[in-house]
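Data block below; observations after.
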Amino acid sequence: MGEPAVKLIGTFGSGFSHRVEVALRLKGVPYEVVLEDLRSKSDLLLTHNPVHKMIPVLLHGDRPAICESLVIIEYIDEAFAGPAILPTDPHKRAEARFWARFIDEKFARPFWMSFWSTADVGGKVQEDFVNEAKGNLLLLEGQLNGNSFFGGDTMGLVDIAAAGLAHWLGVFEEICGVTLVTNEEFPGLTRWAKAYVEDEHVKQCLPERGQLVAMFSACREMFRMFKKKRDVPSDGDSAEVID
């Protein structure tokens with residue numbers, strides 16, 4: 001008997017779905033992507049993620065579904081043979097988890113609001129969010145410490161968590177006319193982004209840039225309304241930022 005089938009419930013253009021695909025490809029795991037329309041959620045999604053009703057969702061054989069991108073990545077790392085995604089050293093594993101959570105829990109909101117806020121939202125001006133986002137980018141720049149990837153010479157959890165900085169960032173900058181990352185300010189992140197998108201595993205599952213620009217441009221006003229409601233998307237929201 002072969003390995004149980006692996007399916008990923010995701011959606012086009014999702015940074016969170018992309019995270020899971022990269023982890024699967026790094027491990028060499030064959031998988032099927034089931035594309036979800038988040039405007040009309042399927043019974044498949046609602047059955048397998050009744051709590052959040054969001055993507056991504058990983059189905060591995062007849063096991064219960066695994067939800068949330070960072071949780072899924074850790075499961076993939078432990079469930080399948082292949083190159084390690086998280087460090088084997090317990091302290092370094094804890095550090096990687098910290099910075100992956102930093103990206104989702106502290107970095108995401110000012111990053112998102114830098115692009116989709118108007119000149120004044122709730123008493124905060126867009127410039128404040130840009131400055132906060134750049135402060136967080138500086139922290140990430142320091143974590144590279146001159147290395148190709150956050151974990152050293154090979155791609156790992158933090159690189160996958162930060163994928164939006166490597167591919168989606170330029171899309172948002174083009175659409176919104178806001179520049180967050182330049183080579184002069186963040187040379188390490190600029191080199192890292194180039195190395196990330198040129199990785200053979202990553203290239204196979206990167207959404208085409210032109211399609212992303214068209215999709216996010218068409219939804220721009222929806223995103224502005226979205227940020228008034230919730231400020232920042234999380235795993236599975238149709239308005240995705242990074243992850």
Side-chain angles (χ1 to χ4, degrees), residues 8-22 25 33-41 54-56 69 103-104 107-119 121 126-127 129-130 132-134 136-137 140 155 159-187 189-243:
L8 167 63
I9 305 175
T11 191
F12 174 79
S14 163
F16 298 114
S17 296
H18 170 77
R19 288 174 171 180
V20 178
E21 288 202 69
V22 171
R25 289 182 179 276
V33 176
V34 180
L35 291 177
E36 183 71 29
D37 181 356
L38 295 179
R39 295 166 298 182
S40 179
K41 297 176 182 179
M54 293 294 182
I55 57 94
S69 60
I103 290 167
D104 278 3
F107 176 82
R109 182 176 184 272
F111 179 87
W112 175 259
M113 297 293 280
S114 295
F115 295 115
W116 305 112
S117 64
T118 51
V121 50
Q126 187 179 42
E127 183 180 356
F129 290 115
V130 170
E132 185 177 355
K134 287 191 173 186
N136 289 333
L137 286 165
L140 290 173
M155 189 180 302
D159 303 286
I160 300 173
L165 287 173
H167 192 58
W168 280 257
L169 170 66
V171 171
F172 294 139
E173 287 182 330
E174 178 179 336
I175 294 170
C176 301
V178 175
T179 301
L180 282 184
V181 176
T182 64
N183 187 53
E184 290 71 27
E185 284 187 283
F186 304 106
L189 283 172
T190 303
R191 288 193 301 271
W192 165 82
K194 186 174 186 294
Y196 182 86
V197 299
E198 290 181 353
D199 180 87
E200 289 304 317
H201 301 96
V202 171
K203 285 195 292 188
Q204 296 173 38
C205 56
L206 272 183
E208 198 276 320
R209 179 189 169 92
Q211 290 180 302
L212 288 179
V213 170
M215 182 182 76
F216 285 110
S217 295
C219 299
R220 183 173 181 175
E221 290 309 311
M222 181 188 75
F223 297 156
R224 291 192 183 278
M225 294 301 296
F226 179 91
K227 58 86 184 165
K228 291 179 182 178
K229 181 176 68 172
R230 289 180 57 186
D231 285 349
V232 61
S234 57
D235 267 38
D237 289 320
S238 57
E240 306 243 20
V241 53
I242 292 186
D243 348 164

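- Of the possible polar contacts, one joining the Glu173 side chain to the Val181 backbone as a donor-acceptor pair under 3.5 Å is found.
- The minimum heavy-atom distance between Ile175 and Val213, with the atom names listed, is CD1-O, 3.8 Å.
- Interatomic distance, CG of Leu137 versus CZ of Phe186, reported as 4.5 Å (0.5 Å rounding).
- When all heavy atoms of Ile55 and Glu36 are compared, the pair lying nearest together is CG2-CB, 4.1 Å.
- The aromatic rings of Phe111 and Phe115 sit perpendicular to each other, their planes meeting at more than 60°, with 30° as the lower class boundary.
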*asked:* Walk me through whether Val178 and Phe129 qualify under side chain to side chain contact (heavy atoms under 4.5 Å, CB included).
replied: CA-CA 11 Å; Val178 175; Phe129 290 115; over 6 Å; no
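- Residues His201 and Cys205 approach most closely at O-SG, 3.8 Å, considering heavy atoms.
- Under the salt bridge (Lys or Arg N to Asp or Glu O under 4.0 Å) criterion, Arg209 pairs with Glu174, sequence neighbours left out.
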*Test Thr11 against Asp37 for side chain to side chain contact (heavy atoms under 4.5 Å, CB included), laying out the working first.*
CA-CA 7 Å; Thr11 191; Asp37 181 356; over 6 Å; no
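- Within the 3.5 Å criterion, the main-chain N or O of Ser114 finds a donor-acceptor partner in the side chain of Gln126.
- Note: Ser14 OG to Met54 CE = 11.0 Å, rounded to the nearest 0.5 Å.
- Between Asp199 and Arg25 there is no salt bridge, since no side-chain nitrogen of the basic residue lies less than 4.0 Å from a carboxylate oxygen of the acidic one.
- Arg19 approaches Asp104 most closely through the heavy-atom pair NH2-OD1, 2.7 Å.
- Shortest non-hydrogen contact noted between Glu200 and Gln204 is O-NE2, 3.1 Å.
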*Applying side chain to side chain contact (heavy atoms under 4.5 Å, CB included), run through Phe107 and Leu165 and close with a yes or a no.*
CA-CA 11 Å; Phe107 176 82; Leu165 287 173; 3.6 Å; yes
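- Residue Met215 comes nearest to Gly13 through the heavy atom pair CE-CA, 4.0 Å, listed as atom of the first residue, atom of the second, then distance.
- Here the CD atom belonging to Gln211 is positioned 4.0 Å from the CZ atom belonging to Phe12, to the nearest 0.5 angstrom.
- Put simply, the side chain of His18 reaches to within 4.5 Å of the side chain of Trp168, judged on heavy atoms.
- For the pair Ser17 (side chain) and Pro56 (backbone), a donor-acceptor distance under 3.5 Å is absent.
- Between Trp116 and Phe172, a ring centre-to-centre spacing shorter than 6.0 Å is recorded.
- Glu184 is linked by a salt bridge (Lys or Arg N to Asp or Glu O under 4.0 Å) to nothing, counting only residues two or more places apart in sequence or in another chain.
- Contact of the His167 side chain with the Val202 side chain is not registered, since no non-hydrogen atoms from C-beta on lie closer than 4.5 Å.
- Applying the salt bridge (Lys or Arg N to Asp or Glu O under 4.0 Å) rule to Glu185 yields the partners Lys134; only residues at least two apart in sequence or on another chain are considered.
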